[in-house]
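First up is the structure itself, then whatever we jot down about it.
Reminder, nothing fancy here: chain letters follow the sequence lines and each chain counts from 1. From a predicted model like this one, the values you see are computed outputs, not experimental measurements.
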Amino acid sequence: MIPYAIKEGLAGFRRASFSSVAATSAMTVALVMVGLFVIITWQARGVSEWLKQRVGEVELFLEDTTNEMAEALYQRAQATPGVAETEYISRERAQEIFREEFGEEAEVFFDGAFLPASIRVRVEPAYVNTDSLNSLVTEFSSWNRVDEVVYNRPLLAKVQDNLQLLSMIGFSICFLVLIASIFLVANTIRLAIYSRRLMIRTMKLVGATDGFIRKPFIVEGILQGLISSVLAIFILWVLHVVARTYVPQLAGMEASSVIMFAFLMLFAGFLLGWVGSESAVRRFLKHISLH
Amino acid sequence: MIELSNVSISYRNPDQPAKPVLENVSLLIERGEMVYLVGPTGSGKSSLLRLMYMENKPDRGFVQVSDYRSDAIKASEIPYLRRSLGVVFQDFQLLPDRSIFDNVAFAQYATGSRGKAVKSKVLHVLSRVGLSHKRRQFPHELSGGEQQRVVIARAIINDPWIILADEPTGNLDPTVADEIQRLLIGLHRSGMTVIMATHDYRMVRNFPARTLAVMNRRIVEVDPRSLQG
């Protein structure tokens, strides 16, 4: 036998169809907003990682040294914490690069092998900030046979500042949208519950406990939340597909990420429906008059 | 037993000073009594009933209904007090989207009863108020008198020992009002305590019982046959 609260919760969805649709729509809008920000944040994180990888390159210019010594420095750099990749650029390779970049005019500078050998270090994204890079530079500079260590300090500062500003703006907007969504959902659920004040009043009058009265509303709220999640996932999927046709550079999501995202959305809908209906009905029960 | 001991209560509106409704009132109603509360509109009859089903608590003094005292009862105990009461209002307050059967059964479900016993009990109380043949109909398909009978059926289905009726015949024509009154008297004769607020003095004279007049923030016992109007 289906428990009374579930039966009534399901029936409530049918009986008060208008208020149920309103509450479900409000929750769908809220979840789409939240989901959209999760996706945007995720995409932005990809862009920021890419940018950091570009900026987080450190060049170790070596003094005149033997191949064995250069190889040892290369190994040492690779084993340094925070280093993602290393590349050894010999004097010959440096000249080749110079020639590739400057073409025929490069010959003017040619006076033997004037460019030093170097090790190009690509730093892990987590280490791409002024402090970490400075300490890496200090460490590399202290090594024997390392003549000079450089990285693009002004570009890094600029990227760092802009990313900070962008993430602050993003989080502020996300916070505002989240507050507005919660407000919208709470008010819609409150209205939906108000439309059934007669039922609540009757239950209180005949001696139903507050917990008993709350249960069907919570079941209904959870159901609305789950339906909203499914709708929001579908809307977000359509938006993502449309966005990728216009901006193909946008990263696609792996199957495991999609499943995790869907579960998160379902959980968010469940939570929104539960907390929204529970708090609204609790507040209503506190103030309802029986006459 | 219902006891009011030195009870005072006031209405509080946000922008106005508190308006006293009852002052230092004491009253005892024994189990099985039939009592009318009479008095002009706004005299405090409904406030008195609200004190009994503990929607409001007195500012001073206490109200005792069975073992529940207003100055000691916890919020979580109020539903259990209300299970021993049946409340009937002037506006019927039936659920419009449920059949008559479901409206009455609702009071059973709301207090945790389940199964076949609910069905037989609903049919029993509906036949007691003479409406078992209309159990599949909806409230809007019934007359005012019939709707009030459904409300009475809903009020008695949980076997309360008190019926609190607040102007139950206020919206009904005299013939139908008398039918409802006979029904309430029948419940009283079967052992229930019936406390009914009314300003229909004709009915009080026709069906005399203990009559309490609520006036000037006091309660005085009056002879029902002496009521004029």
Side-chain angles (χ1 to χ4, degrees), chain A residues 1-23 191-220 223-224 277-291, chain B residues 45-56 68 74-98 102-116 118 139 150-151 153-160 162 164 166-167 197:
Chain A
M1 206 169 93
I2 307 172
Y4 178 75
I6 294 179
K7 217 161 111 181
E8 272 296 306
L10 293 171
F13 206 84
R14 180 172 42 80
R15 280 197 194 107
S17 46
F18 179 77
S19 55
S20 293
V21 168
L191 278 177
I193 286 170
Y194 181 75
S195 73
R196 274 184 279 164
R197 61 194 175 282
L198 183 59
M199 188 179 115
I200 296 177
R201 199 178 283 164
T202 308
M203 287 174 99
K204 275 195 88 111
L205 207 59
V206 298
T209 59
D210 284 1
F212 186 87
I213 298 171
R214 278 200 301 272
K215 271 184 203 162
F217 288 98
I218 293 169
V219 168
E220 199 179 326
L223 187 69
Q224 287 167 350
S277 54
E278 167 117 33
S279 64
V281 77
R282 246 177 215 280
R283 188 184 284 222
F284 191 74
L285 282 171
K286 221 172 171 182
H287 297 113
I288 191 171
S289 143
L290 299 186
H291 52 278
Chain B
K45 305 186 294 291
S46 300
S47 300
L48 198 57
L49 292 178
R50 282 202 287 275
L51 286 171
M52 291 175 187
Y53 58 83
M54 295 199 190
E55 184 174 10
N56 298 132
Y68 298 101
K74 292 179 198 154
S76 59
E77 289 173 334
I78 291 177
Y80 300 98
L81 158 77
R82 295 209 179 124
R83 288 177 196 187
S84 62
L85 311 169
V87 185
V88 178
F89 288 121
Q90 180 176 357
D91 54 338
F92 315 120
Q93 300 200 354
L94 290 170
L95 303 173
D97 53 359
R98 290 173 202 238
D102 288 340
N103 260 284
V104 178
F106 184 70
Q108 281 265 286
Y109 291 131
T111 50
S113 302
R114 301 284 178 272
K116 284 179 186 165
V118 173
V150 179
V151 174
R154 187 178 69 188
I156 62 173
I157 195 162
N158 288 333
D159 300 319
I162 315 169
L164 301 175
D166 194 356
E167 307 274 5

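Residue Arg201(A) touches chain B through its side chain alone, counting heavy-atom pairs closer than 4.5 Å. Only the side chain of Phe89(B) comes within less than 4.5 Å of a heavy atom in chain A; its backbone stays farther off. With a 4.5 angstrom heavy-atom cutoff, Gln93(B) touches chain A via backbone and side-chain atoms both.
In this structure, Arg283(A) places its CZ atom where only 12 or fewer heavy-atom neighbours from other residues, nucleotides or ligands lie under 6.0 Å away.
Taking CD1 from Ile78(B) and NZ from Lys204(A), the interatomic distance works out to 7.5 Å, rounded to the nearest 0.5 Å. Rounding to the nearest 0.5 angstrom, the gap separating the CD atom in Glu55(B) from the CD1 atom in Ile288(A) is 9.0 Å.
Chosen from Leu81(B), Leu94(B), Val87(B), the residue pairing most often with chain A at heavy-atom distances under 4.5 Å is Val87(B).
Of all non-hydrogen atoms in Thr209(A) and Pro79(B), the two that sit nearest each other are CA-CG, 3.9 Å. Considering all non-hydrogen atoms of both residues, Tyr109(B) and Phe212(A) come closest at O-CZ, 3.0 Å. Of all heavy-atom pairs between Thr202(A) and Leu95(B), the closest is OG1-CD2, 4.1 Å. The nearest pair of heavy atoms linking Ala110(B) to Met203(A) is CB-CG, 4.3 Å. Pairing each heavy atom of Arg83(B) with each of Ala208(A), the nearest pair is NH2-CA, 4.3 Å.
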